[in-house]
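The block underneath contains the structure these notes are about, expressed in C-alpha cells.
Order of the sequence lines fixes the chain letters, A, B, ..., with proteins taken first and strands second; residue numbering starts at 1 for each chain. It should be emphasised that the depicted structure is a prediction, and the values quoted were computed from it without experimental measurement.
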Amino acid sequence: MPEPEFLRFLNPPQREAVTHGEGPLLVVAGAGSGKTRVLTYRIAYLVGHLGIAPPHILAVTFTNKAAGEMRERVRALLGASAAALWVGTFHSTCTRILRKEIHHLGYSPGFVIYDEKDQVGVVREALRRSGLDERVYAPRAVLWHIDRAKNEALSPEDLAARADGPQSAQIAQVYAAYQQLLRTSSALDFGDLIRLTVLLFERHPRVVQWYRERWRHVLVDEYQDTNTAQYRLIRLLVGGTSNLCVVGDEDQNVYSWRGATIRNILDFEKDFPGARVVKLEQNYRSTNVILQAAGAVVRRNRRRRPKALWTDRPGGDLVVLHEARDEFEEARFVVEEIRRLAAEGYRPGDIAIFYRTNAQSRVVEEQLLGANVAYTVLGGVRFYDRAEVKDLLAYLRVIHNPADAVGLKRIINSPPRGIGKTTVERAETLAREEGIPLHEALRRFSQDDSTLGATRRKVGDFLAMIERLREKAQDGLVSAIVQKVIMETGYVRHLVEEDSPESRSRGENIQELVTSVFAFEESTPDASLASYLDQITLVSDADGLAKTPDHVVLMTVHSAKGLEFPVVFMVGMEESLFPHSLSLDDPEAVEEERRLCYVGMTRAKNRLYLSRAGARRVYGSLRFNEPSRFFAEIPPELLSASSPFEAFAAPKRVHAARRTVIRKRAGAAPDRRGRTIDYSYDQSGEHDGNDGAPEPLPLESGMRVRHPNLGFGTVDRLDGEGARARVVIRFERAGVRTFMLAYAELEIV
DNA sequence: ACGCCCCCACTTTTT
DNA sequence: GTGGGGGCGT
C-alpha cells in the first residue's frame, strides 16, 4: 500500500511515531510539538494504511474537550468511518464499561456518580457510623486519604493492611464504611470508576479478554497525568500485545495532587520492554523568546529528562513583566494592554488571561466589565454546583436510582414539605440497623403504625410522588421529565411565592437548566435520563465552552493546559500565590508549580505578559507578596519591564490598619447578601459602639504574634501612633516572606 | 419543624 | 468575602 499523502505534513520524528506498527510506543512530546496531530494521524494511519477497523481502536484522554477535539480531527481525516472509533476520557470510558459489566461486581448497572460534594456527605455519615468525631477527623482530610487510596486502586482491605498506626487504621475503617454506604446507595465516586474497572478486569478474565479483543490498539494522551489506578487499567487493557501508544511530557505534569505520577512516563521503557521512544522537540507554536523564557523556568526542575525544544520562529517580542501596586491596578494594566492590542489588530478571542486560583478572576472581571470588553470565564463556580440546580438534578438522580441516599436527603424537604431532620435521622438509623437503603427505611415509616400519623402521611406523599415521577420517566424524554419534576414538586412555585431577588435568580438558573436539557437532547442521539446524568457529572463547564471569537477568555493555568492563544497574560505572579503557599514547604510541590508556570507560558504563541501586584487582598486582609521566584528564573535579556522592578518590592506606606472586629450593628445597611454587618475598629476585641477613644495598640515591632489564617509572625513595624497606628506583620514560611496589614484579630504570643 | 443567626473554614488546581 | 453547618429560639 502506498504511503498516505498526509505523511508529507509531518516532520521525521512525527512520521516515525505515526507509522510505528505494533508494540509499545512512547512519544515524548514537548509543548506545542504537535502531539494531537501525531495521535490523530496515527489513528488515521492505523485505519487507512494498516487496515485496523475503527472499532478496534481506543483513544483515551483526560478531558472531554481533548476527546472532542481528537474525534473531530480524526473525522476530518477519515470521514464517516471515524464514528465507530471509541474516543473518551478515562472516566467516561470506564463508565461505559461499568454500565455493561458492573453486575459482575454485585453493583446495580443503574448506579449514579457522586461528585466531590456528595462524597463529603458520605464521609460524614461514614464517620458517624464509625463512631468518630468530625471535629477530630475532618471529613475533607479523611476524603483526601480515601481518594488517594482509590487513585492507587486500593480497596478498604488493602488500606487496612497498610495501616501503620491507630489513626490510619481508623481511616481505613471509615473507608470501608464509606464504601458500604456507596454500595447501598448504588453510587460510585470518580475514583471508583477507575478502581472498580481495574477490579473487574482482574477478577473476571473473560471480561477483560473481551475488551482486549475489541480494542487491539490503545492510545493514551497526557500520559504524564495518569495515576496508578489508570496505569493498571491500561496494562490490563493492552494485555500481552502491548499495542499501546502513549503521548506525554513530564514537564507538563500538573495533577500529582490527583494521584498522577511522573513515574509512569519515566519508567515506560521498563514497564513495556522493547518500547520505541520518539521525541518531538520542534515547537510549532511559540516565538523563540517565549520558548526560551519558559524553558529557563522549567529547567530548574530536577526530575525530568533533559530536552531541547526548538522553533524556527526566531526572535519575537520580549516577555512583558509588569509590577502593579495592587490587584486592581494589575487588572487595569491588563485591560489597557488589551485595548492596545486591539489597535494592533488582535481580536479579543486571541487573548487569554490565566491565574493560579479561581478567586483571582473577580478583580479582572470587574475591570473588563468596566471597560466593556466581552469575556468568558472558564470554570469557577460551576453552574451545576448551584443549590437549585443540584436540587433538581437530585430529583432526577433519585428518580433514576431511588437508593441514592445523598440525593434523597437533599430533596426530601426541598421545597419544604414538613419532613425534618429528626425524621431523616430516624430513617438513617433504621437503614443502618437493617442494612437497607434509605428509601426503604422511609417506605417503612410510611407504612408503619408506630410512626406518627402526620409524618407517616408526609413521607408517604413524598414517596408516592417520586414513584409517580418514576413511572412517567420510564419512556419519556429527559426534558419532559424535568418539566414534570418542576410541576409535581412545586419547586418553581415555591420560588415564585418567595419572590425575592434571590429566588428570581434561582428561577433563571432552573430555566437555564431546562434549556441545557433541550440542548443535550438535540446533540445526543441516544439521550436518556442515565446518559444525561452521566454527562453532567463527567463533563465540566469548561468542556462545553463554545468558541467565541469576540471574547477574552479567563481561566486557571490548570485548565489552560492543551490550549494555545496568540496573547497570554499571567496575573498574580507572586510568591505564595504562584507558587502557591500550600506548596512552599515541599520541594516536589514547588517543582509542580514550576511545571504549571511552564504550561502557562508555553500556551502563548506571540506575546506573553507576566504581572504581579505589590499588595493584594486575600480573604479580606491585605498582603504584600514578593515577586514570584519564577520571574528571576527568566533570563533578563528576554524580558521587558513595563514598570520599575523595585517600585513595589516592599510596602513603603500602608493605609488603614487596626485590629478589627466585625460586629453586627442595628441599623447598618444590608450588604448584597442581605446581611447587616458593620466594620468597626476596636483594638480590645471585646466590644465596639462606645464613643470613647480607643486605647493604644499593645504592640511593638519585633513582637511575636499569631494570625488566625497565616499562623505565627512578627510585627515588622507600626506606622503612626496610638490606636491609629498601622501594623505591618511579617510572616515567613519556607523562606518566603509575606507582609500584611493586621486586619484580623492578632494574638500576642 | 422551621428559620434566623453565628461561626467557621475555605481557596490550589478537576475528572 | 463567601457558603454551609450547627445551634438556638420560636
Side chain of [X]: nearest nucleotide among [options]?
{"X": "A:Ala359", "options": "B:dC2, B:dT14, B:dT11", "answer": "B:dT11"}
{"X": "A:Arg140", "options": "B:dC2, B:dT11, B:dT14", "answer": "B:dT11"}
{"X": "A:Arg362", "options": "B:dT14, C:dT2, B:dT15", "answer": "C:dT2"}
{"X": "A:Thr89", "options": "B:dT15, B:dT11, B:dA1", "answer": "B:dT15"}
{"X": "A:His91", "options": "B:dT13, B:dA1, B:dT15", "answer": "B:dT15"}
{"X": "A:Thr63", "options": "B:dT13, B:dC2, B:dT15", "answer": "B:dT15"}
{"X": "A:Arg124", "options": "C:dG6, B:dT14, B:dT15", "answer": "C:dG6"}

>> So, OP1 or OP2 of B:dT13: does either fall under 4.0 Å of a side-chain N or O from A:Asn358?
In response: yes
>> Given the ring of A:Tyr598, does A:Arg595 sit roughly above its face, with NZ or CZ under 6.0 Å from the centre of the six-membered ring and within 45° of the axis?
In response: no
> If you find the nucleotide of DNA chain B closest to A:Gln119 and the one closest to A:Gly418, which residue's nucleotide is nearer the 5' end?
Replying inline: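 In this pair, the answer is A:Gly418.
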>> Return whichever of A:Gly420 or A:Glu593 has its heavy-atom-nearest nucleotide of DNA chain B closer to the 5' end.
In response: A:Gly420
>> Between A:Gln119 and A:Tyr178, do the side chains contain a donor N or O and an acceptor N or O under 3.5 Å apart?
In response: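 A donor-acceptor contact under 3.5 Å links the two side chains.
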>> Contact list please: residues 248-257 of chain A against DNA chain B, heavy atoms, distance less than 4.0 Å, in numerical order.
In response: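 Residues of residues 248-257 of chain A that come under 4.0 Å of DNA chain B are, in numerical order, A:Tyr255, A:Trp257.
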>> Using the ring centroid of each side chain, check whether A:Phe578 and A:Phe630 are separated by less than 6.0 Å.
In response: yes
Contact class for [X] (heavy atom, under 4.0 Å): base, sugar-phosphate, or nothing?
{"X": "A:Asp115", "answer": "nothing"}
{"X": "A:Ser92", "answer": "nothing"}
{"X": "A:Glu116", "answer": "base"}
{"X": "A:Phe190", "answer": "base"}

>> Under the rule for side-chain contact (heavy atoms from CB on, under 4.5 Å), what residues qualify as partners of A:Leu577, not counting sequence neighbours?
In response: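 For A:Leu577 the side-chain contact (heavy atoms from CB on, under 4.5 Å) partners, ignoring immediate neighbours, are A:Gln360, A:Glu574, A:Arg616.
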>> Can you list everything that forms a side-chain contact (heavy atoms from CB on, under 4.5 Å) with A:Asp391? Sequence neighbours excluded, please.
In response: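 Testing A:Asp391 for side-chain contact (heavy atoms from CB on, under 4.5 Å), a comparison that skips the adjacent residues, returns A:Arg410, A:Ser414, A:Tyr491.
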> Could you give the CD-to-C1' distance, from A:Glu425 to C:dG7, as a whole number of Å?
Replying inline: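 Nearest whole value for this atom pair: 13 Å.
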> Which atom pair, heavy atoms only, marks the closest approach of A:Arg71 to A:Val87?
Replying inline: NH2-O, 2.8 Å
